[in-house]
Amino acid sequence: MQKSRHVPTTNARAQNAVEMIQMACDSQDPGRRAQILADAQAQLAWALRSAVEECVDGKRSWSEIGQAIGLSKESAWRQWDSQGPIVAVRAAQSKTSTNATTLRPDTAIYAFQTEAGTWLGSPDALPEGTYATAFLPFNPANPETNRFANQTLRARYGPWNGDVSFHAALVIEADGTQRRVRVTDEILNLLFGDGQTALRRALTALVQATIHGDGIDPNFRQLVENAAHVQARSVPAAAAQGEELRTPAEFVQAVQDVLDEGKRSRPGDPRVELALQRLDSIVADYTAWARAAR
């Protein structure tokens with residue numbers, strides 16, 4: 001079997017984690033030990049991502065990958081698709097700990113502003129006074145391929161109830177204080193991926209609403225099904241499984257066809273109308289991202 005091109009990266013990141021763990025063992029400062037181990041954990045999460053890339057190169061199914069790392073195939077693919085680190089460990093709670101439904105939201109970066117002044121993400125999601133803004137010097141490991149590399153972004157963060165990744169970015173507050181803040185899955189994808197995570201989720205919501213909707217125009221339903229078909233084949237996993245890979249541009253065009261038909265035929269079902277409105281808003285955000293990322 002041909003050796004994956006990701007093997008050297010996996011080895012390097014795993015070795016870095018080993019060396020960091022040894023540094024923690026040698027340190028006598030508890031705070032320093034905790035800091036080093038936290039950084040080693042992040043390094044291992046990136047090493048795991050690289051190992052999963054090896055599995056994808058080897059045409060392993062997502063069921064096999066999920067089983068190997070202790071995650072469902074959906075969770076494994078979602079973390080991989082976000083282009084960030086993959087974390088298989090989950091925080092545990094005791095029987096007496098706060099019920100999950102009453103836990104306070106995570107603090108997370110949910111929007112950022114480029115040096116050109118464009119806000120990406122969901123900058124208006126939280127009301128004034130409930131969020132903070134800090135500088136985010138963005139220096140990714142692959143600057144030659146990242147659109148926002150070497151920019152000093154402005155990050156907006158606050159309490160977030162949605163999906164939050166395990167990736168924590170280093171931000172600098174107005175008084176010079178540095179802190180690490182986790183980022184939402186959407187922001188992780190905007191920074192490191194193709195900017196389409198939110199778009200895929202919005203289309204999936206529309207597909208579900210259309211399936212259960214009443215009196216849906218056949219042409220509209222067909223376009224929704226076609227967009228879902230293109231979406232499923234616009235991710236690298238499709239090519240790894242031997243399917244014809246569709247381009248991001250084809251996916252976006254399929255979504256735009258759905259929006260155009262929706263404006264013409266007016267589905268009528270309130271759930272479909274709401275999902276359409278959300279999709280239209282996400283497409284506008286994606287267009288802004290694509291423009292800023294050129």
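Because only heavy atoms are used, hydrogens play no part in the values below, and waters and symmetry mates are left out as well, while side chains stay in. Since this is a predicted model, take the numbers as computed values, not measurements.
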Side chain proximity check, E250 to T247, heavy atoms < 4.5 angstrom: yes

Nonpolar side-chain network containing L274, other nodes, edges under 4.5 Å: none

Test applied, side chain to side chain donor-acceptor pair (under 3.5 Å); reference residue, D260; option that passes from K263, Q256, R264: Q256

Within 45° cone of W119 ring axis and under 6.0 Å: R156 NZ or CZ: yes

Modelled atom types, side-chain donor and acceptor of Q15 and N11, under 3.5 Å: no

Closest heavy-atom pair and its distance - R33, C25: NH1-O, 3.6 Å

Shortest non-hydrogen contact between A254 and N226, atoms and distance: CB-ND2, 4.2 Å

Side chains of T133 and E173 in contact at under 4.5 Å (non-hydrogen atoms): no

Minimum heavy-atom distance between A227 and V255, given as atom pair plus value: CB-N, 4.4 Å

Verdict with reasoning, Y110 to V183, per side-chain contact (heavy atoms from CB on, under 4.5 Å): CA-CA 6 Å; Y110 60 90; V183 304; over 6 Å; no

Flag side-chain contact, heavy atom, 4.5 Å: C55 against E64: no

Side chain proximity check, L71 to W62, heavy atoms < 4.5 angstrom: no

Contact summary for A45 and V87, nearest pair of heavy atoms: CB-CG2, 3.8 Å

Side chain proximity check, I282 to R278, heavy atoms < 4.5 angstrom: yes

Within 6.0 Å of CD in Q41, more than 12 heavy atoms from elsewhere: no

Residue pair V272 / A209: nearest heavy atoms and the distance that separates them: CG2-O, 3.6 Å

Distance, nearest 0.5 Å, that separates CG of L44 from CD1 of I86: 13.0 Å

Contacts of type side-chain contact (heavy atoms from CB on, under 4.5 Å), residue D124, not counting sequence neighbours: none

Sub-6.0 Å ring centroid separation between F112 and F148: yes

R13/L48 under side-chain contact (heavy atoms from CB on, under 4.5 Å): CA gap, chis, key distance, verdict: CA-CA 9 Å; R13 285 174 168 166; L48 178 54; over 6 Å; no

Verify same cluster id: F138, F135 (apolar side-chain graph, 4.5 Å): no

Side-chain touch P137/I172, heavy atoms, less than 4.5 angstrom: yes

Worked verdict on D57 versus H6 for side-chain contact (heavy atoms from CB on, under 4.5 Å): CA-CA 9 Å; D57 287 349; H6 293 284; 3.0 Å; yes

Side-chain heavy atoms of T10 within contact of E53, under 4.5 Å: no

Full working for side-chain contact (heavy atoms from CB on, under 4.5 Å) between V56 and W80: CA-CA 10 Å; V56 172; W80 174 80; 4.1 Å; yes

T152 backbone acceptor or donor facing E115 side chain under 3.5 Å: yes

Closest contact, heavy atoms only, F251 versus L199: CE2-CD2, 3.8 Å

Hydrophobic cluster (4.5 angstrom, side-chain heavy atoms) - remaining members for V7: none

Side chain proximity check, L120 to T114, heavy atoms < 4.5 angstrom: yes

Atom pair CD/CD1 of Q43 and I21 - distance to nearest 0.5 Å: 10.5 Å

